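For reference, the structure is listed below as structure tokens.
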Amino acid sequence: MRIIKAALLGLGTVGAGVYEVIRHHQEQLQELVGAEVQVVAVLIQDENKEREVANDVLVTNDIKEILAIPGLEVIFESIVGAEPANRHVDEAIERGCHIITANKEMFAKHGDVLLEKARENDVQIGFEATVAAGVPVIRTIQQQLQLNKIERVQALLNGTSNFILTEMRQKQLPFAEVLKTAQSLGFAEADPTNDVEGIDAFYKIMILSQLIYGEQPEWATVDLKGIASVPEDEIYHSEGRYKHMAELKKVGNHVQASVQPVVIDDQHPLYSVEGVDNAVVLETSLAGTIMIQGPGAGSKPTASAMLEDFIHIFQTNKAAVLN
Ligand SMILES: NC(=O)c1ccc[n+]([C@@H]2O[C@H](COP(=O)([O-])OP(=O)(O)OC[C@H]3O[C@@H](n4cnc5c(N)ncnc54)[C@H](OP(=O)(O)O)[C@@H]3O)[C@@H](O)[C@H]2O)c1
């Protein structure tokens, strides 16, 4: 049977999830793509950490060793931050590898250039996991809404923020206490800045902007506020519900975006989206208003999005080979 050689860049929450899903779904993957999927290498930062990978997997902090592996076909990228992820992905594309990424900061900043480069090199980039993890927003837009114009997007793209706002309102608890609970439950990072300041949701809505409108607004023009800016009393006593809303629309020739806490009433589709869930409302020209909802973070949901991307890429390639 044909073997597809894969490397994982990053073996944290997401990378370890991808490794496990590949290991436990080998039979289904073989049926779906007609090949055995072999993880041959992982890129990490700290060589002294214990890793739960098979002995024959190369574990290294040197990307050159990985990109030199003969016949490497696909990279699953889940490291943190724009660099060095962007440089690694760029080099892997040049080497002819398909890319599947979960890294929203890297993709918001460099996705357009990387997609162009991938086209030139005849490889594909899957980036479903960069926005709302396992909730299939990207592919719904790419494949199911091609004739439709997307007139507006309203979305809850940060599970930590939604969890904190929900708990604060329901239990009338202070921000700091709920943040600690979120951290102890694994919903928030030790450093929660990107989540509670709205930066994580900002990157995601920029990726949607690029996908839907082919451009992003000037970053400095986007109203960006996190949930930490809302007075606690307002969250407890507001008539509606505070939600951390990312919004995107085209006004004339300009794309407008905002990421901020807003109050919505019970008529709004996002009103009942509570806890760690993400949801995206798409106002479309033909299909009407569509909402997609689900877990927007976590090891399994994110790995799910990455493996679905993998299957899509390799099924397309399999069909091309057979024709
Ligand atoms: N966690 C989620 O639910 C989620 C959901 C969607 C998207 N994402 C995105 O996925 C990415 C990974 O998130 P995560 O939660 O898995 O992070 P994580 O648990 O902190 O893991 C990051 C991994 O990347 C490695 N790494 C970091 N910097 C590196 C560098 N410069 N060179 C080589 N390896 C490096 C780390 O190595 P060591 O193991 O040696 O420290 C670790 O294995 C991020 O971009 C995040 O925004 C995460």
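Along the sequence shown, residues are numbered consecutively beginning with 1. All ligand and atom numbering here is 1-based and tracks the order in the structure. Predicted model, so just to flag it, every value in this text is computed and none were measured. When reading the values below, keep in mind they use all heavy atoms of this one structure, side chains included, and skip hydrogens, waters and symmetry mates.
Open room surrounds CD on Glu27; 12 or fewer heavy atoms of other groups in view lie less than 6.0 Å from it.
A distance-only check finds a donor-acceptor pair linking the side chain of Asn103 to the backbone of Gly81 [under 3.5 Å]. At least one donor-acceptor pair closer than 3.5 Å links the side chain of Thr140 to the backbone N or O of Pro136.
A side-chain donor from one of Lys243 and Asn162 sits under 3.5 Å from a side-chain acceptor of the other.
Around ligand 1 you find Gly10, Leu11, Gly12, Thr13, Val14, Leu43, Ile44, Gln45, Asp46, Lys49, Arg51, Ser78, Ile79, Val80, Pro84, Ala102, Asn103, Lys104, Ala129, Ala297, Gly298, Thr302, each with a heavy-atom distance below 4.0 Å.
Here Met245 is tied into one hydrophobic group with Leu156, Val262, Ile264, Leu270, Tyr271, Val273, Val281, Met291, each link being a pair of ILVMFWY side chains closer than 4.5 Å.
Under 4.0 Å is where a charged nitrogen must lie from a carboxylate oxygen, and between Glu94 and Lys117 at least one such pair does.
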